[in-house]
Amino acid sequence: MGDVQPSPGDPEENRDPVDSEKKTREGNPTMRPVPETQNQDSKSAREDLGGMGMSVSDLNAYYGSFKAVTDVSMEIQANKVTALIGPSGCGKSTYIRCLNRMHEVISGAYAQGRVTLGEQDIYAKDADPVIIRRRVGMVFQKPNPFSKSIYDNVAWGAKINGFRGNMDELVERSLRQAALWDEVKDRLKESGFGLSGGQQQRLCIARTLAVEPEVILMDEPASALDPVSTQKIEDTMDDLKKSYTVVIVTHNMQQAARISDYTGFFYIENQGDPGQLWEFDETEKMFSNPERKETEDYVTGRFG
Amino acid sequence: MRETMIKLALTACAYLSILTTFGIVLVLLFETIGFFRKESIVEFLTSTRWSPTTGSFGILPLVYGTLTATIIAVIVALPLGLLAAIYLSEYASRGLRRWLKPALEILAGIPTVVYGYFALTFITPFLRSHLFPDIGSFNALSAGLIMGVMIIPTVASVSEDAIFAVPQSLREGAYALGATKRETATKIVVPAALSGIVAAVILGISRAIGETMIVTIAMGAQPIWGGSPLEGMQAMTAYIVQVVGGETPRGSVQYQSIFAVGSALFVMTLTLNLISYWFVRRFREVY
């Protein structure tokens with residue numbers, strides 16, 4: 001973190017209980033304005049806390065010598081849902097994994113460029129990927145619950161990050177936010193593997209929420225789910241963006257149109273080229289009156 | 001016609017190994033029954049005195065010798081093997097792993113007789129001059145320690161397979177919550193591979209219990225109940241070697257006693273294998 005002013009996700013701050021973290025966040029001048037929420041007495045203690053915006057410039061992502069994504073620049077607005085759409089294999093998943101330094105977990109993979117989270121350059125030399133990932137959580141395409149009980153699946157991330165508050169409360173709140181509480185409240189001690197695919201995915205969302213990151217990345221979270229589960233996950237979005245910034249990769253155009261505020265369209269012009277951000281704008285404009293022809297063709301379902 | 005012949009040959013080979021096992025068990029059982037016609041099974045299982053020349057057949061001293069060496073071996077092999085497995089799977093680079101794992105498995109190829117002499121001529125003198133001046137020339141400690149080294153490859157290699165098989169998505173899920181590599185390895189990956197790790201350890205224990213040369217050479221031939229690991233003891237397998245290599249006449253009680261001891265060994269390893277089988281099935285995670 002160097003000499004950067006202590007920002008909300010600073011490791012020390014993160015190890016504090018929710019209350020003191022909240023104080024730090026609200027009193028932090030570098031924070032984006034915290035959105036006003038009408039219902040202050042609402043269920044989440046952290047609901048009045050904002051997400052953090054991200055700024056990406058000239059990002060390139062590689063797998064060894066293969067360049068998968070080229071020159072992406074994008075402003076990700078705090079407390080908004082940003083959807084990433086585009087044909088298969090055009091680098092959306094690779095790109096989103098660069099936003100919390102998960103890309104480099106794959107052997108041989110690396111990224112170049114500048115990505116900032118608030119004031120923090122997440123690719124700075126002294127930036128610790130572990131701390132970045134605490135601040136920028138991720139939900140994956142395939143549900144990947146841990147071989148632990150439902151309760152421990154949610155509690156584990158908070159525990160390793162030094163959470164010292166009321167764990168039962170945090171688990172319940174996270175499961176409620178992920179629209180899973182009612183289905184699992186009587187069997188919290190059972191294994192997470194016993195849940196259906198859709199429930200497992202919501203468990204993974206709850207687990208991410210329990211860490212209270214500032215940004216949540218979702219890589220096609222509903223791609224393997226039934227419509228009811230998809231609906232439930234979509235329903236949580238509006239709630240989520242009150243407290244978090246959300247970036248979601250999706251193949252489902254209707255889903256992008258329904259839930260997102262901004263949409264980025266990724267496209268590969270010629271076979272074998274790296275993917276690039278072809279167009280990025282407010283969702284409404286992207287779906288009604290995009291600037292570029294390929295975007296229009298894609299959102300109207302003419303290809304892809 | 002050709003196809004039928006090949007199928008027949010393959011079937012014969014498959015059944016041959018099963019029949020051989022079955023035959024061995026039958027012989028073992030047959031001779032054991034013969035032994036228990038002459039000696040009391042209750043005394044065999046409960047007496048703490050083993051003195052075949054005077055007609056005392058209480059197996060507990062032999063079991064004690066075997067278990068003492070085995071427990072020492074597990075104390076050595078469990079932490080070393082598991083840590084080696086975690087290192088190989090989670091920390092070593094792909095290239096290094098490609099070299100290290102076969103190198104580790106070569107340890108399993110060292111003849112146990114060599115281990116035995118190593119324990120007798122190097123470990124025991126070393127322990128005597130540095131740690132325990134009173135240690136016997138034959139003792140359970142050096143046999144157990146070297147047996148631990150012997151089963152490290154089994155424990156490490158089989159555990160490593162289990163740990164390596166944990167899906168990458170589980171590790172990524174932990175990383176995405178801000179877990180460090182160590183937290184991910186110890187709290188997510190190892191628990192997910194637990195059934196395989198337990199199977200590896202049980203396999204190692206089975207090998208230690210059945211191990212013969214090391215205990216024969218380095219642990220001695222004194223069937224003592226409740227001795228210290230610094231003293232000589234006799235393992236079950238070492239007793240069998242002693243009788244087979246000696247001049248005990250066939251058909252005598254003493255000769256038949258080795259089959260009873262062999263049966264006891266068989267029951268012990270079979271039980272362990274069943275526990276391992278049950279554990280793997282019970283706790284295997286389906287991803």
Side-chain angles (χ1 to χ4, degrees), chain A residues 9 11 14-15 96-97 99-108 128-149 152-163 191-194 200-201 203-204 206-213 216-219, chain B residues 82 85-101 159-200 278-287:
Chain A
N14 242 13
R15 294 206 177 272
I96 201 174
R97 289 170 64 96
L99 299 182
N100 69 341
R101 300 195 53 175
M102 282 300 288
H103 177 57
E104 67 206 46
V105 167
I106 297 164
S107 158
D128 181 351
V130 169
I131 292 164
I132 302 299
R133 293 180 199 131
R134 278 173 197 171
R135 300 180 59 188
V136 185
M138 186 164 210
V139 177
F140 297 84
Q141 195 167 350
K142 209 174 130 236
N144 54 352
F146 302 135
S147 50
K148 296 179 185 297
S149 70
D152 287 337
N153 257 284
V154 180
W156 189 74
K159 211 181 289 169
I160 59 163
N161 285 314
F163 179 76
S191 165
F193 286 113
Q200 287 187 7
Q201 190 63 305
L203 179 63
C204 293
R207 158 180 103 178
T208 306
L209 297 176
V211 179
E212 304 193 322
I216 298 179
L217 309 174
M218 295 187 167
D219 186 3
Chain B
L82 187 56
I86 292 172
Y87 170 73
L88 279 178
S89 170
E90 305 297 305
Y91 289 91
S93 71
R94 218 183 282 176
L96 198 61
R97 178 176 182 270
R98 211 168 43 224
W99 283 101
L100 271 179
K101 211 183 168 202
S159 308
E160 202 268 351
D161 288 338
I163 293 172
F164 196 69
V166 172
Q168 187 61 22
S169 66
L170 224 55
R171 296 183 181 86
E172 293 194 345
Y175 290 146
L177 295 176
T180 61
K181 195 155 191 171
R182 180 181 56 80
E183 286 163 340
T184 305
T186 57
K187 300 196 179 127
I188 297 297
V189 178
V190 168
L194 192 65
S195 68
I197 292 169
V198 169
W278 170 82
F279 200 91
V280 169
R281 287 190 41 141
R282 170 76 179 73
F283 290 99
R284 186 171 49 205
E285 307 292 0
V286 183
Y287 301 106

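Residue numbering restarts at 1 for every chain, and letters A, B, ... go by the order of the sequence lines. Note: hydrogens, waters and symmetry copies are ignored here, and every other heavy atom, side chains too, is used.
- Between Arg134(A) and Gly178(B), the closest heavy-atom pair is NE-O, 3.1 Å.
- Within the 4.5 angstrom heavy-atom criterion, no atom of Lys181(B) approaches chain A.
- In this structure, Met138(A) and Ala176(B) approach most closely via the heavy-atom pair CB-CB, 3.8 Å.
- At a 4.5 Å heavy-atom cutoff, Arg171(B) makes no contact with chain A through either its backbone or its side chain.
- Contacts of Arg97(A) classified as side-chain hydrogen bond (donor to acceptor under 3.5 Å, both in side chains), with partners at least two apart in sequence or in another chain: Glu172(B).
- Among all heavy-atom pairs drawn from Tyr175(B) and Arg133(A), the shortest one is O-CD, 3.1 Å.
- Interface remark: Val136(A) contributes backbone atoms only to the contact with chain B (heavy atom separation under 4.5 Å).
- Taking the side chain as every heavy atom from C-beta outward, Gln168(B) and Ile106(A) never approach each other to under 4.5 Å.
- The nearest pair of heavy atoms linking Ser147(A) to Pro191(B) is OG-C, 4.0 Å.
- Contact of Phe140(A) with chain B is made through the side chain alone, with heavy-atom distances under 4.5 Å.
- Shown here for Gly173(B) and Arg207(A), the closest heavy-atom pair between the two residues is CA-NH2, 3.7 Å.
- The CD atom of Glu183(B) sits 7.5 Å away from atom CG of Asn161(A), with the distance rounded to the nearest 0.5 Å.
- Among the candidates Thr180(B), Leu194(B), Ile188(B), the residue making the largest number of heavy-atom pairs closer than 4.5 Å to chain A is Ile188(B).
- Contact detail for Asn144(A) and Leu170(B): the closest heavy-atom pair is O-CD1, 3.7 Å.
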